[in-house]
Student: 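Below you will find the structure I want to go over with you.
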Amino acid sequence: MALSELSYAEAAALALQHEMEADANVVVLGEDVGRGGIFGQYKGLQQRFGTERVIDTPISEAAIMGAGVGMALAGLRPVVEMRVVDFALCGMDELVNQAAKNRFMFGGQGRVPLVARMPGGIWDASAAQHSQSLEAWFAHLPGVVVVSPATPQDNYSLLRAALRCGDPVVYIEHKALWGARGEVDTTQVATLGQAARLRDGDEFTLVSWGKQLQVCAAACDALAADGIAVDLLDLRTLWPWDREAVLASCGRTRKLLVVHEAVRAAGFGAEIAATAAEATGCKVARLGAPRIPVGYAPVLEAQSRVSAEQIVAAARRLVA
């Protein structure tokens, strides 16, 4: 076991360093990657591997994504840096119509093993154009894998798994987690599509992902004080998602609450809730943000956040 205490950003940089050392085909391209990225997630990599493998690009998300798709088809394994998911919208055509569909349209003759890093979620005091949670868009897209790491350990292990996947991966780190610290075991291997059980309980199943798990954990503490034990699952991968783990828990507890930071309307929680209800007949509930743009002022931004108090209230209604 090789344990270190690292930040979320440092864990990602170390994962990428290890994959670049192991495979000369792994390259990085995007804005600001040479100076370490805007969150420090590429710190030291250009100095270690040179400008031919850590490539600074012009400010054009369509060009960056398009170049990444071409590199992948030519045999490289590019990490495509979009800075934040909000900016990735400028490169959607290359991702949606090229990367996601190539393997299917050409009978497997072409593969696009790229990792598109798109930090998502509410970015404190950054307003509507920099605080979106769009993971459901990508989960809806056939041909891509969607990953959402919540801890430094997962950002290390899941990024390495994503780079070895062989298909395009939309990798959604949370904008507010980069400084979060935790122990990282560099020998730990992650499997895409496998959830993590963070707490054991029989009262109800609570499913979430990303930074929202911190809020869910706080709600679980409050509920535990009243003797309500929660089965808390971190989905980790939204597509493929761990149906087996979620349905096994729901079949046991007979109640499910899905919580996400994204807008509740048409959020990925609806897919989980509907699947669980159809498969197990369990009682379901969902929590998500209201269908409003995220405000800049703190009082407005707070309206788009799902709080621990809201989770506790929803849980009490569910188990009543």
Student: Do you know which two heavy atoms are closest between I272 and V246, and how far apart they sit?
Tutor: CG2-CG1, 4.1 Å

Student: Examine distances only and state if a side-chain atom of S126 and a backbone atom of D124 form a donor-acceptor pair shorter than 3.5 Å.
Tutor: yes

Student: G68 and P78: which non-hydrogen atoms are nearest, and at how many Å?
Tutor: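 Closest approach of G68 to P78, heavy atoms only: O-CG, 3.3 Å.
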
Student: Report yes or no: do M82 and I172 belong to one cluster of Ile/Leu/Val/Met/Phe/Trp/Tyr joined by side chain heavy-atom distances under 4.5 Å?
Tutor: yes

Student: Do L177 and V294 share a hydrophobic cluster, counting only Ile, Leu, Val, Met, Phe, Trp and Tyr and linking them when any side-chain heavy atoms are less than 4.5 Å apart?
Tutor: no

Student: Is the shortest side-chain heavy-atom distance between L45 and Q17 below 4.5 Å?
Tutor: yes

Student: Where do M92 and L89 land on the side chain to side chain contact (heavy atoms under 4.5 Å, CB included) test, with the steps shown first?
Tutor: CA-CA 5 Å; M92 284 290 273; L89 305 186; 4.2 Å; yes

Student: Would you indicate whether E21, at its atom CD, is surrounded by more than 12 heavy atoms from other residues, nucleotides or ligands within a distance under 6.0 Å?
Tutor: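 For E21, atom CD is crowded (more than 12 foreign heavy atoms under 6.0 Å).
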
Student: Got a sec: does the NZ of K43 have more than 12 other heavy atoms crowding it under 6.0 Å?
Tutor: no

Student: Applying a strict under-4.5 Å side-chain criterion to I, L, V, M, F, W and Y, I'd like to know whether L198 and V147 cluster together.
Tutor: no

Student: Give me the atom names and distance for the closest heavy-atom approach of A11 to P152.
Tutor: CB-O, 3.2 Å

Student: Over all heavy atoms of both residues, which pair between L238 and W241 is shortest? Give the atoms and the distance, please.
Tutor: O-CB, 3.4 Å

Student: Looking at side-chain heavy atoms only, is the closest gap between V85 and W137 below 4.5 Å?
Tutor: no

Student: Grab the two heavy atoms, one from S208 and one from V259, that are nearest each other, plus how far apart they are.
Tutor: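 Here S208 and V259 meet closest at OG-O, 2.7 Å.
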
Student: Between the side chain of Q109 and the main-chain N/O of F106, is any donor-acceptor distance below 3.5 Å?
Tutor: yes

Student: Counting only N and O atoms by type, is there a donor-acceptor contact under 3.5 Å from the side chain of T237 to the main-chain atoms of P240?
Tutor: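 Not a single qualifying donor-acceptor pair exists.
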
Student: Does L95 belong to the same Ile/Leu/Val/Met/Phe/Trp/Tyr cluster as F87, with side-chain heavy atoms less than 4.5 Å apart forming each link?
Tutor: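 Not linked; separate clusters.
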
Student: Short question: side chain of E261, backbone of I122 - any donor-acceptor pair under 3.5 Å?
Tutor: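 Pair found, side chain donor or acceptor close to backbone of I122.
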
Student: Tell me whether S60 contacts the main-chain N or O of A63 through its side chain, where contact means a donor paired with an acceptor under 3.5 Å.
Tutor: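 Yes, because the side chain of S60 sits within donor-acceptor range (under 3.5 Å) of the backbone of A63.
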
Student: Between V33 and V79, is there a side-chain heavy-atom distance shorter than 4.5 Å?
Tutor: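 They are not in side-chain contact.
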
Student: Compute whether any side-chain donor of one residue and acceptor of the other, for H174 and Y8, lie under 3.5 angstrom apart.
Tutor: no

Student: Does atom CD of E5 have more than 12 heavy-atom neighbours, drawn from other residues, nucleotides or ligands, at distances under 6.0 Å?
Tutor: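 Above 12, so yes.
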
Student: Please indicate whether Q310 has more than 12 foreign heavy atoms, meaning atoms of other residues, nucleotides or ligands, lying under 6.0 Å from its CD.
Tutor: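 Yes.
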
Student: State, with a plain yes or no, whether a side-chain heavy atom of V215 is found less than 4.5 Å away from one of V306.
Tutor: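 In short, these two side chains do not touch, never coming nearer than 4.5 Å.
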
Student: Output the distance between atom CG (N25) and atom CZ (R53), rounded to the nearest 0.5 Å.
Tutor: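 So the CG of N25 and the CZ of R53 are separated by 8.0 Å.
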
Student: Does D56 reach the side chain of Q46, with side-chain heavy atoms less than 4.5 Å apart?
Tutor: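 A side-chain contact exists here, since the closest heavy-atom pair is under 4.5 Å.
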
Student: With rounding to the nearest 0.5 angstrom, report the SG to CG distance, C250 to L256.
Tutor: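 Output value for this atom pair is 4.0 Å.
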
Student: Which of these, D242, D231, D234, sits in a salt bridge (Lys or Arg N to Asp or Glu O under 4.0 Å) with R197?
Tutor: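 Testing R197 for a salt bridge (Lys or Arg N to Asp or Glu O under 4.0 Å) against D242, D231, D234 leaves exactly one candidate, D231.
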
Student: So how far is it from E173 CD to L159 CG, rounded to the nearest 0.5 Å?
Tutor: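 Rounded to the nearest 0.5 Å, the CD-CG separation comes to 6.5 Å.
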
Student: Is L114 reachable from V146 through a run of hydrophobic residues whose side-chain heavy atoms are each under 4.5 Å from the next?
Tutor: yes

Student: How about CZ on R291, more than 12 heavy atoms from neighbouring residues, nucleotides or ligands closer than 6.0 Å, or not?
Tutor: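 Check fails, neighbour count at 12 or below.
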
Student: CD1 of I59: more than 12 outside heavy atoms within 6.0 angstrom?
Tutor: no

Student: Without swapping roles, check the side chain of R252 against the backbone of G201 for a donor-acceptor pair under 3.5 Å.
Tutor: yes

Student: Between L318 and A285, what is the shortest heavy-atom contact and its length?
Tutor: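 So the two residues come closest at CD1-CB, 4.2 Å.
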
Student: For the CG atom of D154 and the CH2 atom of W209, what is their distance to the nearest 0.5 Å?
Tutor: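 Going from the CG atom of D154 to the CH2 atom of W209 covers 15.0 Å.
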
Student: Does a side-chain heavy-atom distance below 4.5 Å link E203 with K255?
Tutor: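 Sidechains of K255 and E203: no contact.
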
Student: Taking atom CZ of F39 and atom CG of D32, what is their separation to the nearest 0.5 Å?
Tutor: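 Spacing of CZ (F39) from CG (D32) equals 10.5 Å.
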
Student: Evaluate the side-chain proximity of F138 to M118: yes if any heavy-atom separation is below 4.5 Å, no if none is.
Tutor: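 They are in contact (side-chain heavy atoms under 4.5 Å apart), so the answer is yes.
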
Student: Let me confirm one number: the OG-CZ distance from S131 to R305, rounded to the nearest 0.5 Å.
Tutor: 8.0 Å

Student: Could you walk me through whether D23 and L163 pass the side chain to side chain contact (heavy atoms under 4.5 Å, CB included) check?
Tutor: CA-CA 10 Å; D23 185 351; L163 280 161; over 6 Å; no

Student: Mind running side chain to side chain contact (heavy atoms under 4.5 Å, CB included) on R199 and D221 for me, showing each step along the way?
Tutor: CA-CA 10 Å; R199 303 200 182 203; D221 288 339; 2.8 Å; yes

Student: Is R83 salt-bridged to E61, going by a charged N under 4.0 Å from an acidic O?
Tutor: no

Student: Test side chain to side chain contact (heavy atoms under 4.5 Å, CB included) on M20 and R48; report intermediate values, then the result.
Tutor: CA-CA 10 Å; M20 293 180 78; R48 180 181 290 267; over 6 Å; no

Student: Below 30° counts as parallel, above 60° as perpendicular, anything between as tilted: where do the rings of H18 and Y156 land?
Tutor: perpendicular

Student: Looking only at the aromatic ring of each residue, does the gap between the centers of H140 and F268 stay below 6.0 angstrom?
Tutor: no

Student: Is the shortest side-chain heavy-atom distance between V115 and R117 below 4.5 Å?
Tutor: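 With C-beta onward as the side chain, the pair touches.
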
